[in-house]
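Just below is one structure, and these are the notes that go with it.
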Amino acid sequence: MDDVVNTLRAWQDDLPLRDLCSDVARYLQAGDVQAATETLWGVLTDSGEPFLHAIVTAAAANETLRALRPWVSHGTLHLLHAADSVHGVRRGLAFHPAGEATFRVHIYDGPIGPVEDAATAATTAAATAATW
């Protein structure tokens with residue numbers, strides 16, 4: 001248990017991945033960021049929350065959004081730029097559920113958009129993410 005706690009603390013303190021694996025969590029191996037992101041998408045598409053299925057499917061089908069790191073918190077799908085750490089996100093967005101397969105796009109540090117169906121919300125989000 002100590003290994004897990006120490007790993008999480010080092011990760012939250014933004015210790016670079018290679019240092020994390022070699023110095024703190026020798027049981028881990030540094031991996032490819034793109035492969036890790038694909039793994040997260042796979043988990044969400046195969047085993048994610050049913051109420052997020054429409055937006056996960058629409059976002060995963062979009063090449064720009066698929067390159068972002070997915071994260072679910074408090075019933076909301078977040079997409080973070082792969083180069084940003086979890087605690088230092090400069091480029092990110094969230095899809096807030098608004099009803100049956102509808103969502104509001106929230107670009108971090110910006111207003112929350114109108115209610116849109118999943119396909120339109122993904123297109124809206126991709127237009128912003130393409131500028132990152």
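Bear in mind the structure is a predicted one, so any value in this text is a computation, not a measurement.
Residues Y108 and D84 have side chains not in contact (no heavy-atom distance under 4.5 Å, counting atoms from C-beta outward). The shortest distance between side-chain heavy atoms of V56 and W41 falls below 4.5 Å.
The two atoms that bring H78 and A94 nearest to each other are ND1-CB, 3.6 Å, heavy atoms only. The shortest heavy-atom contact between V105 and A121 is CG2-O, 3.5 Å. Nearest heavy-atom pair, G75 versus F51, reported as atom, atom and distance to 0.1 Å: O-CE1, 3.4 Å. Residues I55 and A118 approach most closely at CD1-O, 3.5 Å, considering heavy atoms. Nearest heavy-atom pair, T45 versus A60, reported as atom, atom and distance to 0.1 Å: CG2-CB, 4.2 Å. Scanning both residues, A59 and A122, for their nearest heavy atoms gives N-CB, 4.2 Å.
Sorted by first then second residue, the salt bridge (charged side-chain N to carboxylate O under 4.0 Å, His left out) pairs that include residues 98-120, not counting sequence neighbours, number zero. Among pairs with a residue in residues 38-51, those fulfilling salt bridge (charged side-chain N to carboxylate O under 4.0 Å, His left out) read E38-R66, at least two apart in sequence or across chains.
Under the side chain to side chain contact (heavy atoms under 4.5 Å, CB included) criterion, V43 pairs with no residue at all, not counting sequence neighbours. Shown here are the side-chain hydrogen bond (donor to acceptor under 3.5 Å, both in side chains) partners of H106, two or more places apart in sequence or in another chain: there are none. Every residue meeting the side chain to side chain contact (heavy atoms under 4.5 Å, CB included) condition with V72, not counting sequence neighbours, appears here in chain and number order: L44, L52, L77. With sequence neighbours excluded, the residues that form a side chain to side chain contact (heavy atoms under 4.5 Å, CB included) with T57 are H53. Qualifying side chain to side chain contact (heavy atoms under 4.5 Å, CB included) partners for A130, counting only residues two or more places apart in sequence or in other chains: T64. For H81, there are no ring-ring contact (aromatic ring centres under 6.0 Å, His included) partners, not counting sequence neighbours.
If you take CG on L79 and CG on L65, they are separated by 6.0 Å, rounding to the nearest 0.5 Å. To the nearest 0.5 Å, atoms CZ (R91) and OG1 (T128) are separated by 13.5 Å. Rounded to the nearest 0.5 Å, atoms CZ (F95) and OG1 (T76) are 11.0 Å apart.
Using a 4.5 Å cut-off between side-chain heavy atoms of Ile, Leu, Val, Met, Phe, Trp and Tyr, with links allowed through other members, L68 and L40 fall into different hydrophobic clusters.
Side-chain contacts under 4.5 Å among hydrophobic residues (ILVMFWY), followed directly or transitively, place I112 with no other residue at all.
Between the side chain of R69 and the backbone N or O of A82, at least one donor-acceptor pair lies under 3.5 Å.
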